[in-house]
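Here's the structure we're looking at; comments come further down.
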Amino acid sequence: MWGAFQRHPWAAHVMSMTRPQIVPHGVPHTEALLAAFDAISGQAFDIDTRMHLTVSVFQFVRGVGVSIEPALLARQDTGMTDEEWMDRTVPGLRAAVDPRRYPHFTVAASTDIDLTLDSLFEFGLARLLDGYAVFLGETPSAP
């Protein structure tokens, strides 16, 4: 799903959770997730629980995916990569933020953090799945 949104940046914006469209290539993804949640840890989950788990994963992927198209348009409009834009913007941000009022933000703004859509996606999905592991009675993975 993440790869599909990267190949088709517009797609996350047009998909609805309240009025889902018929997307033939989406059915295999849904089926695979429903099957994956069918009997984990020796438990059999009802279809309602499995559908909620499945749609929550999709909603997370879609939620991060809606940022792909605006990021591409910003690169096109400015002629700068995200990293170049941050390099230009961070000094002004540091100057505008009072470190006494915002000490944690000041440290974050002074640290070279690789915060990309891919890193946000990977980190967030791992934490979502860790939460699922607890729900399913398993031990979550290490960060």
Side-chain angles (χ1 to χ4, degrees), residues 1-38 40-41 43 45-143:
M1 288 184 286
W2 181 242
F5 287 144
Q6 289 178 320
R7 287 187 303 280
H8 308 285
W10 52 268
H13 295 278
V14 299
M15 300 186 95
S16 172
M17 294 308 302
T18 57
R19 296 182 180 202
Q21 301 88 343
I22 297 170
V23 182
H25 295 294
V27 173
H29 291 285
T30 303
E31 178 65 21
L33 284 169
L34 287 169
F37 295 127
D38 192 21
I40 296 177
S41 301
Q43 302 178 51
F45 293 101
D46 61 63
I47 193 65
D48 185 72
T49 300
R50 288 185 286 138
M51 192 58 140
H52 276 83
L53 292 167
T54 296
V55 172
S56 294
V57 168
F58 173 76
Q59 187 60 15
F60 171 77
V61 177
R62 179 182 175 265
V64 179
V66 297
S67 295
I68 296 171
E69 186 175 40
L72 292 171
L73 291 173
R75 284 182 213 133
Q76 178 183 319
D77 292 347
T78 64
M80 290 188 280
T81 66
D82 294 341
E83 188 173 282
E84 291 168 336
W85 187 88
M86 288 299 290
D87 288 344
R88 269 197 192 166
T89 303
V90 167
L93 181 62
R94 287 182 188 143
V97 173
D98 181 352
R100 293 168 299 196
R101 287 187 64 194
Y102 307 106
H104 301 287
F105 187 84
T106 299
V107 171
S110 300
T111 305
D112 186 22
I113 300 171
D114 186 26
L115 197 65
T116 65
L117 287 178
D118 284 326
S119 73
L120 289 168
F121 171 74
E122 290 171 15
F123 183 89
L125 182 62
R127 301 301 74 78
L128 175 65
L129 296 177
D130 287 346
Y132 278 15
V134 172
F135 174 74
L136 299 169
E138 297 179 354
T139 304
S141 63

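As a basis for the values below, the full set of heavy atoms in this structure was taken, side chains included, without hydrogen atoms, waters or symmetry mates. For this chain, numbers begin at 1 and follow the sequence in order.
Annotation: R88, atom CZ; neighbour count of heavy atoms from other residues, nucleotides and ligands within 6.0 Å does not exceed 12. Counting heavy atoms of neighbouring residues, nucleotides and ligands inside a 6.0 Å radius, atom CE of M86 does not exceed 12 of them. In D48, the CG atom is crowded: over 12 heavy atoms of neighbouring residues, nucleotides or ligands sit closer than 6.0 Å. M51 CE: 12 or fewer foreign heavy atoms inside a 6.0 Å radius. Counting heavy-atom neighbours within 6.0 Å of H52 NE2, excluding the residue itself, gives a total of 12 or less.
Here the side chain of R75 pairs no donor or acceptor atom with the backbone of T81 at under 3.5 angstrom.
A heavy-atom distance below 4.5 Å is found between the side chains of T54 and F37. When side chains are defined from C-beta on, L34 counts as touching I47, because their heavy atoms get closer than 4.5 Å.
Here the closest non-hydrogen pair linking H13 and E69 is CD2-OE1, 3.2 Å. When all heavy atoms of A11 and M15 are compared, the closest pair comes out as O-CG, 3.1 Å. Closest of all the heavy-atom pairs between V57 and M1 is CG1-CE, 4.0 Å. The two residues V90 and A109 come nearest to each other via the heavy atoms CG1-O, 3.6 Å. Closest approach of L120 to L115, counting heavy atoms only: CD2-CD1, 3.6 Å. The shortest non-hydrogen separation linking S56 to Y132 is CB-OH, 2.9 Å.
Remark: F60 CZ to L129 CG distance equals 9.0 Å, nearest 0.5 Å. The line from CG of L117 to CD of Q6 is 8.5 Å long, rounded to the nearest 0.5 Å. To the nearest 0.5 Å, atoms CD1 (I68) and CZ (F121) are separated by 9.0 Å. Rounding to the nearest 0.5 Å places CG of L73 at 10.5 Å from OG1 of T78. Note that CG of L125 and CZ of F123 are 11.5 Å apart. Values are rounded to the nearest 0.5 Å.
Not counting sequence neighbours, the partners of S110 by the side-chain contact (heavy atoms from CB on, under 4.5 Å) test are R94, T106. For the side-chain contact (heavy atoms from CB on, under 4.5 Å) test, no residue two or more places apart in sequence or in another chain qualifies with E31.
Classification of the F58-F5 ring pair by plane angle, with boundaries at 30° and 60°, yields tilted.
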Using the rule given for side chain to side chain contact (heavy atoms under 4.5 Å, CB included), can you reason through F135 versus L53, listing the C-alpha separation, both sets of side-chain angles and the distance that settles it, and then say yes or no? CA-CA 10 Å; F135 174 74; L53 292 167; 4.2 Å; yes

Could you walk me through whether F105 and L93 pass the side chain to side chain contact (heavy atoms under 4.5 Å, CB included) test, one step at a time? CA-CA 10 Å; F105 187 84; L93 181 62; 3.8 Å; yes

